[in-house]
Asker: 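Quick one: the structure is below, questions incoming.
Side chains included, hydrogens not; waters and symmetry mates left out as well; all remaining heavy atoms used. The first residue of the sequence shown is numbered 1, and numbering continues consecutively from there.
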Amino acid sequence: MQPNKHLLLFLFVLLCGTVTLSAQEDLIRPLPIKASKDTITAPLLPPNILNDSIKTDSVATDTVPKKQPLLLDKIKYKAKDYVKLSQKDNKIYLYDEAEIHYQDTELKAGVIVMDYVKNEVYAGRMKDSLGNYSQLPFFKQGDQEVRPDSIRFNFDTQKALIWNSRTEQQAGLGQLGSDAMKVYAEKTKKENDSVYFLNEGKLTTSNDTVNPDYYIRVRKAKFVPKKKIIAGYSNMYIMDVPTPVALPFAYFPLTTGRVAGILFPTFGNDPRRGYFIQNGGYYLPISDYVDLSITGDYYTNGSYGLQGSSVYTKRYKFKGNINISYENLVTSQKGFDDYSRTSNYNIRISHSQDSKASPNSRFSASVNLGSSQYYTNSLNQVNRNNSQTNTFASSISYSKTFPAYPSVNTSLTLSHTQNTRSEERTINMSLPNFQASMERIYPFVKRDEIKKGVFENINFQYDVNAQNSITTTEENFFKSGMFDDAKIGARHRIPIATNFKLAKYLSVSLSGNYEDIWSMKTVRRQYDAELEEVVTDTISGFDRFNRYSFGTSIGTTMYGTWNRGEDKKIQALRHVMRPSISYSYTPSFEQFYESYTDGDGEEVQYTPFETSIYGRPSLNKGSSLSFSLQNSLEAKVRDKDSTATEPKKVKILSNLSFSASYNLEADSLKLSPVSMSGATEIIKNVPINFAATFDPYAIDNNGRRINTLNIKNGGGIARLTSARINTSFSLNSEMFQKGGAKEKSDEEKQSDFSDNPFAMDDVRGDRAFGRGQTGRQQSKGNTQDNPIYNNKLPWDARFTYVASYNNSNRQSEITNHSLMFSGNIQLSPKWEVGFNSGYDLKNKGFADTRFAFKRDLGSFRLSFDWTPFGRYERWYFFIGIKSSLLSDIKWENRSQR
């Protein structure tokens with residue numbers, strides 16, 4: 001009996017899925033997609049694919065059972081326009097948004113032809129009546145993605161032929177994007193899941209893979225996803241123009257994560273030291289938590305430098321980095337008069353602990369120590385930004401809290417400060433500094449009760465500070481002599497205080513402070529008659545002294561308001577005054593003083609504790625009154641906006657303070673100079689700070705204060721002895737546009753150039769754990785919808801003005817008068833110019849002046865740093881690929897100074 005063809009079709013539909021038939025035969029288009037010189041012809045769609053009238057020969061029936069296709073019971077497929085089954089060709093045709101899913105393989109395309117006997121599939125684009133292609137195939141197997149023009153794939157052998165394929169391969173730890181390697185090939189043969197063979201390929205990190213601004217052309221290559229590309233003859237093309245940059249063979253590592261490798265050096269020439277290579281070395285990822293890079297510099301005259309850098313991190317625990325640098329600098333050649341040899345070193349350590357690691361203890365470190373002239377004399381360009389560093393400072397600390405009541409906070413700190421500009425090159429260290437403090441205790445009231453009155457507010461604390469203080473010079477650093485003048489001591493302190501209200505409006509406070517000071521070194525002095533001089537002996541051993549003081553203060557707050565009426569522009573003025581009077585008393589501690597008789601027979605007093613870290617005991621009794629008056633003045637101003645319901649508040653004076661003291665124990669010059677300080681922002685966004693001191697006493701011809709009021713000496717009430725004014729403000733182009741400046745977005749606030757235009761990028765980028773620049777930094781200018789500027793140039797500028805005046809000895813001298821300014825101008829969406837300078841109005845000269853030019857070239861970045869004059873006159877030029885994958889493809893040059 002002849003089988004019914006309609007019944008067979010129905011059974012096949014049940015097996016494979018729903019089949020949708022369309023009568024629109026004119027939509028079927030052949031897919032003429034074929035690579036040049038391709039001997040494999042893509043299967044074409046038959047013109048009668050929709051014709052169901054094909055007769056079946058009832059005689060020619062094969063009784064031998066055919067092999068059952070393996071795909072049909074596992075594959076899932078669909079299409080938007082139609083799905084057509086051809087029993088004659090053993091194929092399924094899918095048209096418009098076609099999809100096939102099989103195991104870990106996913107295929108999407110405009111047209112898909114599937115041979116369910118050979119288990120082979122062909123996918124291609126759609127072509128409209130105008131000849132435009134759309135719906136390019138998307139092929140995904142596992143985590144590998146390919147976007148070709150057409151593809152032929154066998155599900156059994158897992159082999160494929162791919163035409164005009166495009167794929168992205170990420171190296172490092174970043175996200176796919178502008179830092180990924182884009183791989184394009186006219187023809188690709190997929191051998192298996194891990195090996196591809198490319199013919200006429202292009203490698204680039206450009207965002208535009210259709211028309212990249214640069215690419216590396218490879219004729220033939222072996223491509224192992226996520227591992228490597230091994231190519232034959234390769235050379236770089238820029239804007240489709242071949243360059244002389246070529247290699248007979250090339251190797252491109254694509255391993256994700258961190259891998260060991262050579263760090264390519266920078267080449268150059270220095271007239272004093274000869275030809276050089278810089279920053280060449282090796283990178284080694286020691287483990288998942290720590291890495292190490294070792295680089296070096298070498299000059300043909302014998303100078304060299306070594307740098308070691310390590311970055312470590314453990315999530316939710318800690319992170320940090322260590323950088324150690326040493327340079328041996330030789331100037332000129334041996335035998336010449338200008339020959340010299342110096343060595344510099346620098347150690348930088350940074351460590352921070354995650355707050356989640358331990359809530360009650362914390363360890364942190366920030367170390368920066370080395371030769372005072374390290375940054376100034378360093379030949380390495382990466383140290384250029386730190387050439388103006390005046391101070392090295394370090395701190396390593398461990399702190400722990402004992403939360404049980406009363407809680408105690410403890411810390412152990414090692415610190416170091418070093419002034420790189422001083423001639424003495426003094427280094428101050430504390431090795432270590434221990435501190436512990438107990439929380440405030442109220443002994444006359446329960447812990448959680450409200451405290452009222454004198455007794456209930458009585459409270460005390462306890463704290464202790466102990467340290468080993470060392471002062472040495474750079475010459476004795478790391479030598480035994482650095483500990484000769486070390487000072488060791490401790491201070492125990494118990495402050496006691498209380499406060500209460502008096503007559504409802506007066507706030508009164510009473511306080512006392514007790515200190516017990518320990519010292520491990522004291523001095524003894526005596527007059528040696530034979531030597532006819534005073535001999536001072538340092539005695540090692542424990543000794544102690546104590547001191548205490550008392551104080552009280554009373555103050556209040558007064559308000560004054562002047563209402564002018566709501567019809568006035570200035571509707572009201574409000575003046576707030578906070579006067580206070582305080583008294584302090586310190587007894588004499590003459591019991592801690594000794595005496596000796598000098599050569600003239602006079603008795604001289606001294607204290608054995610004069611070398612104490614925490615000061616010496618006072619020999620004179622102290623009793624003084626202090627006065628202070630704080631003021632603030634603000635106004636209510638009618639808003640220009642007629643719809644506003646409330647007036648604006650304008651601070652005319654945010655602070656204006658006066659303070660002075662009167663020494664009750666002094667025989668003369670009882671009144672101290674009057675100090676004044678204030679701040680105002682009467683000009684919007686321009687804060688102005690000022691300060692001055694006024695002396696009520698006159699001075700003699702030698703400039704010494706005399707016990708005569710200045711007003712009685714023919715002068716004013718007080719002499720202006722010093723004054724200072726400073727302001728710092730910013731301007732930008734948005735302030736002068738309609739609507740004023742807008743709040744910057746987080747993206748704009750993170751702009752590398754605008755925030756710090758002089759942060760010269762390391763030519764290698766950030767090597768921390770294999771990371772390069774962020775995707776935002778690399779794609780900036782490529783993905784933004786940049787406008788045509790015409791007559792609008794975005795810019796911003798920052799100004800700092802400082803002026804100080806000294807007249808303590810009638811010198812009437814301006815000691816400092818300078819204006820510092822910096823900023824940048826965006827000449828075009830991809831051109832930026834930064835500047836940093838200052839002018840000394842007193843000495844009539846410019847400060848260190850620098851210009852930074854940066855150009856976004858798409859996949860490349862260009863920078864030019866120029867100091868046109870001064871001590872650090874120099875220039876530096878750099879152009880290179882932004883992506884960290886090819887960051888060693890660069891060219892740089894610098895001035896010969």
Asker: Any side-chain donor-acceptor pair under 3.5 Å between N321 and Y312?
Answerer: no
Asker: Give me each pair satisfying salt bridge (charged side-chain N to carboxylate O under 4.0 Å, His left out) with a member in residues 232-251, each pair once, sequence neighbours excluded.
Answerer: none
Asker: May I ask you to decide if the ring planes of F860 and Y214 are parallel, tilted or perpendicular, using 30° and 60° as cut-offs?
Answerer: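 Geometry flag for Y214 against F860: perpendicular rings.
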Asker: Which residues satisfy the side chain to side chain contact (heavy atoms under 4.5 Å, CB included) test with L130, sequence neighbours excluded?
Answerer: D128, N132
Asker: Distance-only, no hydrogens or angles: does the D89 side chain make a donor-acceptor pair with backbone N or O of K91 under 3.5 Å?
Answerer: no
Asker: Return the set of residues passing salt bridge (charged side-chain N to carboxylate O under 4.0 Å, His left out) with K78 (not counting sequence neighbours), or none when no residue passes.
Answerer: none
Asker: Show your working on salt bridge (Lys or Arg N to Asp or Glu O under 4.0 Å) between K882 and D856 and close with a plain yes or no.
Answerer: CA-CA 9 Å; K882 288 191 284 187; D856 188 342; 3.2 Å; yes
Asker: Do the side chain of S355 and the main chain of Q353 share a donor and acceptor less than 3.5 angstrom apart?
Answerer: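 Looks like no, no N/O pair under 3.5 Å.
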Asker: Name all pairs fulfilling the salt bridge (charged side-chain N to carboxylate O under 4.0 Å, His left out) condition that reach into residues 213-225, sequence neighbours left out, sorted by first residue then second.
Answerer: E200-R217
Asker: Determine whether the side chains of D208 and S206 contain a donor N or O and an acceptor N or O closer than 3.5 Å.
Answerer: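 No, because no side-chain N or O of D208 sits under 3.5 Å from a partner of the opposite role on S206.
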Asker: Mind listing the closest non-hydrogen atom pair of Q826 and E832 along with its distance?
Answerer: CG-CG, 3.8 Å
Asker: Which residues pass the side chain to side chain donor-acceptor pair (under 3.5 Å) test with D96, not counting sequence neighbours?
Answerer: Q135
Asker: Which class fits the ring pair Y876 and F878: parallel under 30°, tilted 30 to 60°, perpendicular over 60°?
Answerer: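 Answer is parallel, since the angle falls under 30°.
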Asker: Under the rule for salt bridge (charged side-chain N to carboxylate O under 4.0 Å, His left out), what residues qualify as partners of K108, not counting sequence neighbours?
Answerer: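 Salt bridge (charged side-chain N to carboxylate O under 4.0 Å, His left out) check on K108 returns E106.
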Asker: Check whether the ring centres of F249 and Y251 lie less than 6.0 Å apart, and answer yes or no.
Answerer: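 No, too far apart.
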Asker: Would you tell me whether Y133 and D149 have side-chain atoms, one donor and one acceptor, within less than 3.5 Å of each other?
Answerer: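 Side chains of Y133 and D149: no pair found under 3.5 Å.
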Asker: Do the side chain of K190 and the main chain of Q158 share a donor and acceptor less than 3.5 angstrom apart?
Answerer: yes
